[in-house]
Asker: 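Here it is, the structure in full.
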Amino acid sequence: MRLVIRNDYDDVSAWIAHYIKERINQFKPTEAHPFVLGLPSGSSPILLFKRLIEFYKAGEISFKHVVTFNMDEYIGIPKTHKESYYTYTHTHFFKNVDIQKKNINLLNGNASDLEAECRRYERKIIRVGGIELFLCGVGPDGHFAFNEPGSSLKSRTRIKTLAYESIVANSRFFSGDISKVPKAALTVGVATVMDAREVCIIITGAHKSVALAKCIEEGVNHMWTVSAIQMHAKALIVCDEDATMELHVKTVKYFKSIEQVHRLLIGKANLGLQGELLAPEATISKSSHEKGHQLFIRHLLDSVSVEDDDDDTPRLKKRRR
């Protein structure tokens, strides 16, 4: 599992947008071999959508051969309703890039047979070769998509009753009136998301810090469905500093130290986008390794100084700033 910690929501959004851009460009999608991207809804991805649109307008990325699957859709409101996830994704993303209409996949919350619609969605994912990268937002109670607390970790796309907390949270999109919020939705399942070749979780804000702690520091638990990410072979969580408030200090320091090792000891040139080592350690030049080692030591010494004990044994003490 990778945990990337950035200062705030803006930095998190910028980091993920850049990551998605690079993943798609390195994949080099074609019509016969498209990049398949799972997309969330809610407020978490709005700014990263904006960043991706900026990359597109700057000519740094094309979505022509990107196939998307939305995570969920409300049941019972018109497709064109201003708060449907169909409208949401078109407004914030699709209409602003060159994605082809045939490559956009959304659940139909008004289908005559909702269970058949869920089965159709699962089959379509399989037909396109599976999802390459699934991007997920997370609620304060640790749910992603509408996989509310208590959802089966083997669940597939299905009809789901919304938890009261989700209805209250989503009421902000319905003029604060919970009576207007749909009480059920179609949603991809936990297992549907876990089948993706890579999963990227966005968690920002102090109000989601408990969810992050449950995900990172405790065991897999169906009451905190985001914790299922622990079982994924390529799990990436990107959060801001506020979201780390409930984590142990040593946990935060550990994941930050991994980034320091990558940057200062191994070197960017020797690492792939997903953090993998591009070459055996032996092939990393000695001069590059030594330079990185010196930088790393300098970084450590910037925050500590040597102070003599009474027994003349040097020890390290944090500098006061």
Side-chain angles (χ1 to χ4, degrees), residues 1 19-20 23-42 45 62-75 79 84-86 88-90 93-94 97-138 143-148 151-160 184-202 220 222 225-236 273-274:
M1 177 189 294
Y19 183 78
I20 292 172
R23 283 281 277 115
I24 292 172
N25 286 339
Q26 289 184 15
F27 189 89
K28 297 180 180 178
T30 63
E31 184 172 0
H33 185 51
F35 187 97
V36 185
L37 179 65
L39 294 176
S41 48
S62 170
F63 295 91
K64 185 176 181 180
H65 299 307
V66 172
V67 172
T68 62
F69 285 86
N70 275 35
M71 284 189 130
D72 41 29
E73 183 56 277
Y74 288 123
I75 292 175
K79 181 179 179 179
S84 74
Y85 291 139
Y86 169 89
Y88 165 91
T89 320
H90 275 77
F93 188 47
F94 294 148
V97 296
D98 63 340
I99 190 167
Q100 299 182 76
K101 186 176 180 180
K102 66 178 183 178
N103 288 338
I104 297 172
N105 294 280
L106 303 109
L107 285 157
N108 180 5
N110 294 292
S112 57
D113 187 334
L114 293 174
E115 291 186 355
E117 170 66 6
C118 294
R119 294 193 295 271
R120 178 197 68 82
Y121 211 62
E122 288 281 338
R123 288 196 300 269
K124 184 66 180 292
I125 292 173
I126 293 171
R127 282 203 302 272
V128 298
I131 294 173
E132 182 67 24
L133 172 63
F134 221 131
L135 185 63
C136 307
V138 175
H143 78 268
F144 58 86
F146 279 122
N147 292 294
E148 307 284 27
S151 293
S152 168
L153 300 184
K154 292 188 175 182
S155 59
R156 292 287 174 182
T157 303
R158 67 204 188 284
I159 304 166
K160 193 74 178 70
L186 299 183
T187 180
V188 295
V190 177
T192 310
V193 175
M194 292 300 110
D195 276 352
R197 286 179 279 280
E198 183 178 13
V199 179
C200 177
I201 302 287
I202 315 166
V220 177
H222 68 289
T225 51
V226 68
S227 66
I229 195 73
Q230 296 176 30
M231 304 298 290
H232 200 281
K234 284 191 177 180
L236 170 63
L273 183 62
Q274 295 172 286

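In this text, all values refer to a predicted model and were calculated from it rather than measured experimentally. For this chain, numbers begin at 1 and follow the sequence in order.
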Asker: Do Leu39 and Pro45 come close enough that some side-chain heavy atom pair is under 4.5 Å?
Answerer: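 Answer no - side chains too far apart.
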Asker: Could you report the tightest heavy-atom contact between His90 and Leu106, atom names first, then the distance?
Answerer: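 In this case the closest contact between His90 and Leu106 is CE1-CD1, 4.3 Å.
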Asker: Would you please test Ile24 and Phe63 for side-chain contact (heavy atoms from CB on, under 4.5 Å) and show each step?
Answerer: CA-CA 9 Å; Ile24 292 172; Phe63 295 91; 4.0 Å; yes
Asker: Just by distance, with hydrogens left out, do Arg158 and Ser152 show a side-chain donor and acceptor under 3.5 Å apart?
Answerer: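 The answer is no; no qualifying pair exists.
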Asker: Taking atom CZ of Phe146 and atom OG of Ser155, what is their separation to the nearest 0.5 Å?
Answerer: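 Output value for this atom pair is 14.0 Å.
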Asker: Show the nearest heavy-atom pair for residues Asp98 and Ser62, with the distance to one decimal.
Answerer: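 So the two residues come closest at OD2-OG, 2.6 Å.
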Asker: If you take all heavy atoms of Tyr88 and Pro40, which pair is closest and at what distance?
Answerer: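 Shortest heavy-atom separation between Tyr88 and Pro40 comes out as CE2-O, 4.1 Å.
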Asker: Does the side chain of Val66 come within less than 4.5 Å of Asn103's, by heavy atoms?
Answerer: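 No. Closest side-chain heavy atoms not under 4.5 Å.
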Asker: Between Leu107 and Glu117, is a side-chain contact (heavy atoms from CB on, under 4.5 Å) present by the stated rule, with each step listed?
Answerer: CA-CA 7 Å; Leu107 285 157; Glu117 170 66 6; 4.2 Å; yes
Asker: Applying side-chain contact (heavy atoms from CB on, under 4.5 Å), run through Phe27 and His33 and close with a yes or a no.
Answerer: CA-CA 9 Å; Phe27 189 89; His33 185 51; 3.2 Å; yes
Asker: Can you see which heavy atom on Phe134 is nearest to which on Ala196, and at what distance?
Answerer: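 Smallest heavy-atom distance, with atoms named: CB-CB, 3.9 Å.
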Asker: Does atom CD of Glu115 have more than 12 heavy-atom neighbours from other groups under 6.0 Å away?
Answerer: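 Atom CD in Glu115 is not packed in, count stays at 12 or less.
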Asker: Please give me the minimum heavy-atom distance between Gly38 and Ile131, naming the atom from each residue.
Answerer: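 Reported closest heavy-atom pair: N-CG2, 3.8 Å.
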Asker: To the nearest 0.5 Å, tell me how far Ile125 CD1 sits from Arg120 CZ.
Answerer: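 Taking CD1 in Ile125 and CZ in Arg120, the distance rounds to 9.5 Å.
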Asker: For the pair Thr187 (side chain) and Asp72 (backbone), establish whether a donor and an acceptor sit closer than 3.5 Å, ignoring hydrogens and angles.
Answerer: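 No, because the side chain of Thr187 does not come within donor-acceptor range (under 3.5 Å) of the backbone of Asp72.
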Asker: Output the distance between atom CD (Glu122) and atom OG1 (Thr192), rounded to the nearest 0.5 Å.
Answerer: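 Reported to 0.5 Å precision, the distance equals 3.5 Å.
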Asker: Any non-hydrogen side-chain atom of Lys28 less than 4.5 Å from a side-chain atom of Phe35?
Answerer: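 Answer no - side chains too far apart.
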Asker: By the definition side-chain contact (heavy atoms from CB on, under 4.5 Å), identify the one residue from Val188, Leu186, Asn108 that meets it with Cys118.
Answerer: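 So the option named by the test is Leu186.
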Asker: Sequence neighbours left out, what passes side-chain contact (heavy atoms from CB on, under 4.5 Å) with Ala116? Give chain and number order.
Answerer: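 Expected list: Asp113, Arg119.
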Asker: Checking Asn70 against Ser41: is there a side-chain donor and acceptor pair closer than 3.5 Å?
Answerer: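 Asn70 and Ser41 do not have a side-chain donor-acceptor pair below 3.5 Å.
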Asker: Nearest 0.5 angstrom please: Thr157 OG1 to Met71 CE, how far?
Answerer: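 Thr157 atom OG1 to Met71 atom CE measures 10.0 Å (nearest 0.5 Å).
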Asker: If only atom types and distance count, is the side chain of Glu73 paired as donor or acceptor with the main-chain N or O of Tyr86 below 3.5 Å?
Answerer: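 Checked: pair present.
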Asker: Minimum heavy-atom separation for Ala228 and Leu153, please, with both atom names.
Answerer: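 The answer is CB-CD2, 4.2 Å.
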Asker: Nearest 0.5 Å, please: how far is OG1 in Thr68 from CD in Gln100?
Answerer: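 These two atoms lie 11.5 Å from each other.
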Asker: side-chain contact (heavy atoms from CB on, under 4.5 Å) for Met1 and Gln230? Distances and angles first, verdict last.
Answerer: CA-CA 7 Å; Met1 177 189 294; Gln230 296 176 30; 3.8 Å; yes
Asker: Could you grab the distance from atom NE2 of His232 to atom CE of Met194, nearest 0.5 Å is fine?
Answerer: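 That separation rounds to 6.0 Å.
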